[in-house]
Amino acid sequence: AQSVTQLDSQVPVFEEAPVELRCNYSSSVSVYLFWYVQYPNQGLQLLLKYLSGSTLVKGINGFEAEFNKSQTSFHLRKPSVHISDTAEYFCAVKGTGNQFYFGTGTSLTVIP
Amino acid sequence: DTGVSQDPRHKITKRGQNVTFRCDPISEHNRLYWYRQTLGQGPEFLTYFQNEAQLEKSRLLSDRFSAERPKGSFSTLEIQRTEQGDSAMYLCASSQASIGETQYFGPGTRLLVL
């Protein structure tokens with residue numbers, strides 16, 4: 001079975017500063033990894049995903065993530081955050097089945 | 001493409017009542033997922049359909065929960081004899097079946113059981 005751990009429940013960061021949101025997964029099989037963002041009162045939307053190939057994945061809104069198989073991690077990064085990045089971020093994993101497993105989320109607050 | 005829609009957006013009910021939620025997926029998507037999300041948690045898988053067939057159900061899904069997708073288009077999720085512990089946001093997502101499919105989520109139905 002797969003599981004996802006998001007190590008930080010809340011991350012405050014000043015505007016224009018870099019940010020990293022951490023995600024670790026556990027799985028005995030190959031996995032596909034996703035980051036979703038949920039803005040207040042909106043549905044989840046995909047930021048980026050890793051399926052195979054290059055371990056550095058670029059997504060929307062300037063976000064990127066790096067797949068590290070040896071550390072079973074898929075951390076999300078952005079070099080310079082904006083106020084509009086304030087949201088809840090979820091890491092998710094999909095294994096050989098068709099179930100998606102989500103982490104508990106990280107609340108990113110960008111401080112002006 | 002109007003996205004995934006869910007109805008109602010909010011539902012307040014008394015314990016013991018039955019409730020039904022509807023999800024309309026993106027029209028060309030053949031997979032439809034239901035999730036439950038409680039405060040401070042990520043979405044928790046409940047069940048999913050490929051076309052009209054319900055292929056997987058979470059072991060956590062009580063017998064009081066049932067879902068249908070009769071014509072492979074919209075889906076309904078019914079909760080019978082609601083309990084206070086059923087209070088949550090119920091999310092629907094749709095996708096086109098593939099290895100690394102992207103799920104598109106609806107806005108959710110927030111259920112409050114009094």
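We use all heavy atoms of the structure for the numbers below, so side chains are in, but hydrogens, waters and symmetry mates are not. Every chain is numbered from 1 and lettered A, B, ... according to where its sequence line falls, protein lines coming before strand lines.
- Under the 6.0 Å cut-off for aromatic ring centres, A:Phe102 and B:Tyr35 qualify, their centroids lying closer than that.
- Residues A:Leu108 and A:Leu48 share a single hydrophobic cluster, defined by chaining ILVMFWY side chains whose heavy atoms lie under 4.5 Å apart.
- Between the side chain of A:Tyr36 and the main chain of B:Phe105, no donor-acceptor pair closer than 3.5 Å is present.
- Within 6.0 Å of atom CD1 in A:Ile111, more than 12 heavy atoms from other residues, nucleotides or ligands are found, so the atom counts as buried in its surroundings.
- Note that the CD atom of A:Gln99 and the OG1 atom of B:Thr47 stand 9.0 Å from one another [nearest 0.5 Å].
- Proximity of the aromatic rings of A:Tyr101 and B:Phe45 is defined here by a centroid distance below 6.0 angstrom, and this criterion is not met.
- A:Val19 and A:Tyr39 fall within the same hydrophobic cluster, where Ile, Leu, Val, Met, Phe, Trp and Tyr residues are linked whenever their side-chain heavy atoms come under 4.5 Å apart, directly or through other members.
- The number of heavy atoms from other shown groups lying within 6.0 Å of CZ (B:Arg15) does not exceed 12.
- The contact between B:Tyr48 and chain A is made entirely by side chain atoms (from C-beta outward), counting heavy-atom distances below 4.5 Å.
- The distance from the CG atom of A:Asn41 to the CZ atom of B:Arg9 is 8.0 Å, given to the nearest 0.5 Å.
- For a residue to count as touching a neighbouring chain, one of its non-hydrogen atoms must lie under 4.5 Å from one of that chain's; by this rule A:Phe90 touches chain B with the side chain only.
- Hydrophobic cluster membership is shared by A:Val37 and A:Val13, with clusters built from Ile, Leu, Val, Met, Phe, Trp and Tyr side chains linked at under 4.5 angstrom.
- Residues A:Phe34 and B:Glu101 are not in side-chain contact: their nearest non-hydrogen atoms beyond the backbone lie 4.5 Å or more apart.
- Contacts with chain B were tallied for A:Val4, A:Leu33, A:Leu44; A:Leu44 has the most, counting heavy-atom pairs under 4.5 Å.
- The contact between B:Leu91 and chain A is made entirely by side chain atoms (from C-beta outward), counting heavy-atom distances below 4.5 Å.
- In this structure, no portion of B:Gln6 lies under 4.5 Å from any heavy atom of chain A.
- Heavy-atom neighbours of B:Glu68 CD from other residues, nucleotides or ligands within 6.0 Å: at or below the threshold of 12.
- In the hydrophobic cluster analysis, where Ile, Leu, Val, Met, Phe, Trp and Tyr join through side-chain heavy atoms closer than 4.5 angstrom, A:Tyr89 is grouped together with A:Ile83.
- Contact annotation: the side chain of A:Leu46 never approaches that of B:Gln103 to less than 4.5 Å [non-hydrogen atoms, C-beta and beyond].
- Looking at B:Arg31, only its side chain comes within 4.5 Å of chain A, counting heavy atoms on both sides.
- Looking only at side-chain heavy atoms (C-beta outward), A:Gln38 and B:Gln37 come within less than 4.5 Å of each other.
- Both the backbone and the side chain of B:Gln41 come within contact range of chain A, each with at least one heavy atom under 4.5 Å from a heavy atom of that chain.
- Taking a 6.0 Å sphere around CZ of A:Arg77, one finds it holds more than 12 heavy atoms contributed by other residues, nucleotides or ligands.
- Atom CG of B:Leu114 is surrounded by more than 12 heavy atoms from other residues, nucleotides or ligands within 6.0 Å.
- The part of A:Leu51 that comes within reach of chain B is its side chain, from C-beta onward, which places non-hydrogen atoms under 4.5 angstrom from that chain.
- Hydrophobic clustering (side-chain heavy atoms under 4.5 Å, transitive across Ile, Leu, Val, Met, Phe, Trp, Tyr) groups A:Trp35 together with A:Ile60.
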